[in-house]
Amino acid sequence: MSDTITQTADGLDTKWKVGKYEFTSRLLVGTGKYATFEQTRDALEASGCEVVTVALRRVDLEAHSRGEKNLLDFIDPARYTILPNTAGCFNKEDAIRICRIARELEIGDLVKVEVLSEQRTLLPDPIETLEACKVLVNEGFTVMAYTSDDPVMARKLADAGVAAVMPLGSPIGSGLGILNPNNIAIILEESPVPVLVDAGVGTASDVAFAMELGVEAVLLNTAIAGAQDPIAMAHAMKYACQAGRLAFKAGRIPRKRYATASSPALDF
Amino acid sequence: MNLVINGQQRTVSASVATAADLLDELAIKRERVAVVINENVARRAELADTALNEGDVIEIITMVGGG
């Protein structure tokens, strides 16, 4: 990784890098599960994100022939970095195939590799994920690997050459937040590549908590799209991400069992 | 010519000879899709040079909402 550290415009933080890509916003937002495309567009805007994830699927030819709009009518590729994911893949072959197709979209070589084990938990299959990542790294992709919160797997993925490891906080869409912060902290200590928390975030405090652990960024989708007011939640997530990041950089006080008074003893 | 496009049998006009022609016939913008022909991913720069043949199985893939 380059040692060049670029300050953000407000001077409060630095940009972060994944591979050759550099970003200011530390919130990455998914485009799934929204009520309408307009809501998707407005939520992304409110979140301040720069990276948005998409899935790859067949063009709906019937809808297209009826003149129906699609996601790409609402996302400006000049404004956002689009991160294709391999969602829906349950084996390495499918994930590799999706990434090779994604490359021909000519939006860059950044891919989120997600190879799931089964439908109920949507937990990543560690072996298929690792093997897919090895092939994709070899083919020149900038791989952001979705993984469990297992420090051993995170290290193996980093050693395989992925550009970022993305441990889950908890299962996709579960809203359970960061279930194993100790593991995330271990991953952070050991990882030679950026660490992002991806999946399971439920509300703004989960994002702040993840950022306070020291992760580079947070990727989320359901927490915004499924909120009662997605636009309001997108705003909340933006500020929570910034707050958590600044708190991390500020260096918190230690946790103590007993009190330390904030005011001097009474002297009259 | 008869093709299988996104899982459906379709007949396209005789003027469709290449993948680029197909996208034009379907009024699909090249910048939004990737084309897979018989499990081979077509290079975007080569779409106009990628000939289609009777019975080809074609996937026209785009970006949709996802997390």
Side-chain angles (χ1 to χ4, degrees), chain A residues 28-37 39-40 44 52-65 67 70-75 77 82-88 97-107 112 114 122 146 172-173 198-199 201 219-226, chain B:
Chain A
L28 293 72
V29 182
T31 54
K33 299 181 178 173
Y34 294 92
T36 64
F37 290 131
Q39 189 185 75
T40 309
L44 298 180
V52 303
T53 58
V54 298
L56 265 56
R57 294 291 183 270
R58 286 172 169 168
V59 170
D60 183 339
L61 295 169
E62 277 74 45
H64 176 74
S65 66
N70 62 65
L71 180 70
L72 298 176
D73 294 317
F74 294 85
I75 295 180
I82 296 180
L83 174 61
N85 68 27
T86 66
R97 186 167 61 97
I98 295 243
C99 291
R100 290 172 178 160
I101 292 171
R103 182 155 45 198
E104 292 309 319
L105 294 168
E106 296 189 341
I107 48 175
K112 168 178 162 174
E114 175 183 330
L122 297 182
Y146 171 63
I172 295 167
D198 175 11
V201 167
L219 202 164
L220 56 81
N221 189 158
T222 309
I224 290 178
Chain B
M1 159 159 59
N2 298 309
L3 302 166
V4 178
I5 304 175
N6 288 0
Q8 302 277 334
Q9 288 278 351
R10 284 178 87 111
T11 305
V12 297
S13 69
S15 61
V16 171
T18 68
D21 292 338
L22 178 62
L23 293 180
D24 289 342
E25 169 135 315
L26 296 172
I28 291 175
K29 292 181 190 170
R30 186 175 306 207
E31 316 77 73
R32 295 188 165 197
V33 300
V35 181
V36 185
I37 302 165
N38 300 331
E39 315 224 325
N40 296 313
V41 185
R43 305 296 311 276
R44 181 177 285 176
E46 296 166 9
L47 288 174
D49 299 322
T50 305
L52 298 181
N53 299 298
E54 177 76 21
D56 276 349
V57 177
I58 298 170
E59 299 286 350
I60 304 177
I61 307 295
T62 189
M63 295 174 256
V64 302

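Order of the sequence lines sets the chain letters (A, B, ...), proteins ahead of strands, with each chain counted from 1.
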Taking the side chain as every heavy atom from C-beta outward, state whether Leu47(B) and Thr18(B) have any atom pair closer than 4.5 Å. no
Report the residue from Val52(A), Leu71(A), Val29(A) that forms a side chain to side chain contact (heavy atoms under 4.5 Å, CB included) with Thr40(A). Leu71(A)
Thr53(A) side chain to Gly66(B) main-chain N or O, any donor-acceptor pair under 3.5 Å? yes
Using a cut-off of under 4.5 Å on heavy-atom pairs, state which of Arg32(B), Glu59(B), Glu31(B), Lys29(B) scores highest against chain A. Arg32(B)
With a 4.5 Å limit on heavy-atom distance, are the side chains of Leu23(B) and Asp21(B) in contact? no
For atom CD of Glu39(B), decide whether the heavy atoms of other residues, nucleotides or ligands shown that lie under 6.0 angstrom number more than 12. no
Note: vs chain B, highest number of non-hydrogen pairs under 4.5 angstrom among His64(A), Arg100(A), Lys33(A) is His64(A)
Considering only heavy atoms and a distance below 4.5 Å, find which of Thr62(B), Val36(B), Val41(B) pairs most often with chain A. Thr62(B)
Any side-chain donor-acceptor pair under 3.5 Å between Asn2(B) and Gln9(B)? no
Highest number of heavy-atom pairs under 4.5 Å with chain A among Ile61(B), Ile5(B), Val33(B), Asn6(B) belongs to Asn6(B)
Would you indicate whether the side-chain heavy atoms of Lys112(A) and Leu219(A) approach each other to under 4.5 Å? yes
Which bit of Arg10(B) comes within less than 4.5 Å of chain A, counting heavy atoms only: side chain, backbone, both or neither? side chain
Comparing Thr222(A), Ile172(A), Asn85(A) against chain B, the one with the most heavy-atom pairs below 4.5 Å turns out to be Asn85(A)
Residue selection (most heavy-atom pairs with chain B, distance under 4.5 Å) from Leu105(A), Asn221(A), Val54(A): Leu105(A)
Looking at Ile82(A), Leu28(A), Ile101(A), which one has more heavy-atom pairs under 4.5 Å with chain B than the rest? Ile101(A)
Do you know which of Arg57(A), Glu106(A), Arg97(A), Arg58(A) has the most heavy-atom pairs with chain B at a distance under 4.5 angstrom? Arg58(A)
